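Letters A, B, ... are given to chains in the order of the sequence lines, protein chains preceding strands, and every chain is numbered from 1. Just so we're clear, the structure is a prediction, and the values are computed from it rather than from any experiment.
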There are 2 protein chains.
Amino acid sequence: MAEREVDRSVSQTVKAQLALRDQILSGALRPGERISELQAVETTGASRTPVRMALVRLEEEGLLEAIPSGGFMVKAFSERDISDSIELRGTLEGLAARFAAERGVSARELEPLKECLAAIDELLRQVPISIEAFSSYVTLNARFHALLTELSRSPPLIRQIDRASALPFASPSGFVMAQSALPEAQQILIIGQEHHRVVIDAIENREGARAEAVMREHARLAVRNLRLALRNRTHLDLLPALALIKTAAD
Amino acid sequence: MAEREVDRSVSQTVKAQLALRDQILSGALRPGERISELQAVETTGASRTPVRMALVRLEEEGLLEAIPSGGFMVKAFSERDISDSIELRGTLEGLAARFAAERGVSARELEPLKECLAAIDELLRQVPISIEAFSSYVTLNARFHALLTELSRSPPLIRQIDRASALPFASPSGFVMAQSALPEAQQILIIGQEHHRVVIDAIENREGARAEAVMREHARLAVRNLRLALRNRTHLDLLPALALIKTAAD
DNA sequence: TGAATACGTTATGTATACAATAACGGGGAG
DNA sequence: CTCCCCGTTATTGTATACATAACGTATTCA
């Protein structure tokens, strides 16, 4: 293979990582399936060295699992794994909110959060919400959670929350998409927005315990909704957990 | 270099990872210092490919930081980073204790925990505690925390706790060693043991909130003690955080 | 007929060669 | 004297060749 198309705008390692992640999350690679390096080389266009780096990184992200005899396989998640991951993330975000409240946050730092809040309010005014508005909601919600995390000013915590969000179903967008499958979707979004409002208020008033409690409740709500969504499996196309859920056995 | 001493009992990647971690934690590589791959190849005896894999893994562990222009440097931690990491870990362990309590644990599963507890009781009966006994304590305490984590039966949570413990100062042994520098060390160990006792009791009685609360208090105690230990910098030889603390200029 | 072993094939682990880029230093010009 | 540009050097990023271990298959012997 003499001529190889090389995209020099990003490193081969990053390119391979993105391509492989796509394949996993799109379901092209099934949970439990072994990933062949050679095959990955062909589909990603990178050579074996960057592919291997990407595989190691994806393992650390939690999308892959090392096989003892060598190589990697796509990790499979049970429904409980997924709900635990969401609750875990909520617990971490709760700690972030507590840190923000206890350590104090200036009005200027809170401003972007409030803008997010207002923008979401605007979107939710539509009944029923349009597809485009819902898409904007997903983006704004993710932004809100990211900003909130930043407010903790704690690099170790921020790092850990990022790691916990690497699993698609545990990310803020994952929450929302899972919830969108439910008939009560709009009502759920409104309750979530109420949580957002409370956490900002708690941080402003330096009520650490209240800020933490509401974020945990926020996650528990998401867990309940995910369970519901998985029960009546309707409109689950958007659910990013789907491709990773253990199929049979276990 | 024709003849290279190759230890075939473990993979070169693992060997390099262990060797580099040692170098970092022993302080041979200073925080902020760039790690040269070539140099790492010489000191570890592995070739560049496994060295690079090890570097990626150590970055994910949190011991290294990627340099935007390429390569890795030893991560530097502030005192607050360290205390946050401990509190973070305590929060995670709190969640694990809650899961264990809420999901129920059989008497048989609790048995090893109780054995740990009894063994530590035995050690603490010595006043003052001997060096050997203290060393045993460190091991037993780490075992206790690991067993408790397992009781959650939540792979995602266990995984996250393991990651949070990768930083030496955030591991159970790290807690203890930091505390050992204080004059009130023995009293502190006794209080910690009381926490251990309470969490088992709470899990047995399926009191999730109480189990969670005591583990968080356990960590907060560790944070307070770490602060004290860092204030009066006496006998800090054992403190595994030392090699990683930012020196000057935050 | 079944099981066990040996062999061949395939995939991963490792090493190294090559390419590209970023850092550093020197020299020249303003 | 200082600043900028260019060339050199060192270091990382990438590709590939080679070694080794695992798996499957076929054949043979009990």
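One atom, CE of B/Met73, and another, C1' of C/dA23, lie 17 Å apart when rounded to the nearest Å. Between the CD atom of A/Gln12 and the P atom of C/dT21 there is a distance of 12 Å, given to the nearest Å. Rounded to whole Å, atom C1' of C/dG13 lies 16 Å from atom CE of A/Met53.
Here CG of A/Leu63 is found 7.0 Å from CZ of A/Arg21. Values are rounded to the nearest 0.5 Å.
When the side-chain nitrogen and oxygen atoms of A/Thr13 are compared with OP1 and OP2 of D/dT14, one or more of them lie within a distance under 4.0 Å. Taking 4.0 angstrom as the limit, B/Thr49 places none of its side-chain polar atoms (N or O) nearer than this to OP1 or OP2 of C/dT14.
Using modelled atom types, no side-chain atom of B/Gln17 and backbone atom of B/Val14 make a donor-acceptor pair closer than 3.5 Å.
A/Gln12 and A/Ser47 form no side-chain donor-acceptor contact under 3.5 Å, judged by distance and modelled atom types alone. In the model, B/Arg89 has a side-chain atom that pairs as donor or acceptor with a side-chain atom of B/Ser165 under 3.5 Å.
Applying the salt bridge (charged side-chain N to carboxylate O under 4.0 Å, His left out) test to pairs two or more places apart or on separate chains, none has a residue in residues 138-151 of chain B. Under the salt bridge (charged side-chain N to carboxylate O under 4.0 Å, His left out) criterion, the residue pairs touching residues 156-171 of chain B are A/Glu60-B/Arg163, with sequence neighbours excluded.
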Strictly under 3.5 Å: I want the nitrogen or oxygen pairs between protein and nucleotides 9-12 of chain C, one per line.
{"unit_1": "C/dT12", "atom_1": "OP1", "unit_2": "A/Ile35", "atom_2": "O", "d": "3.3"}
{"unit_1": "C/dT12", "atom_1": "OP2", "unit_2": "A/Glu37", "atom_2": "N", "d": "3.2"}

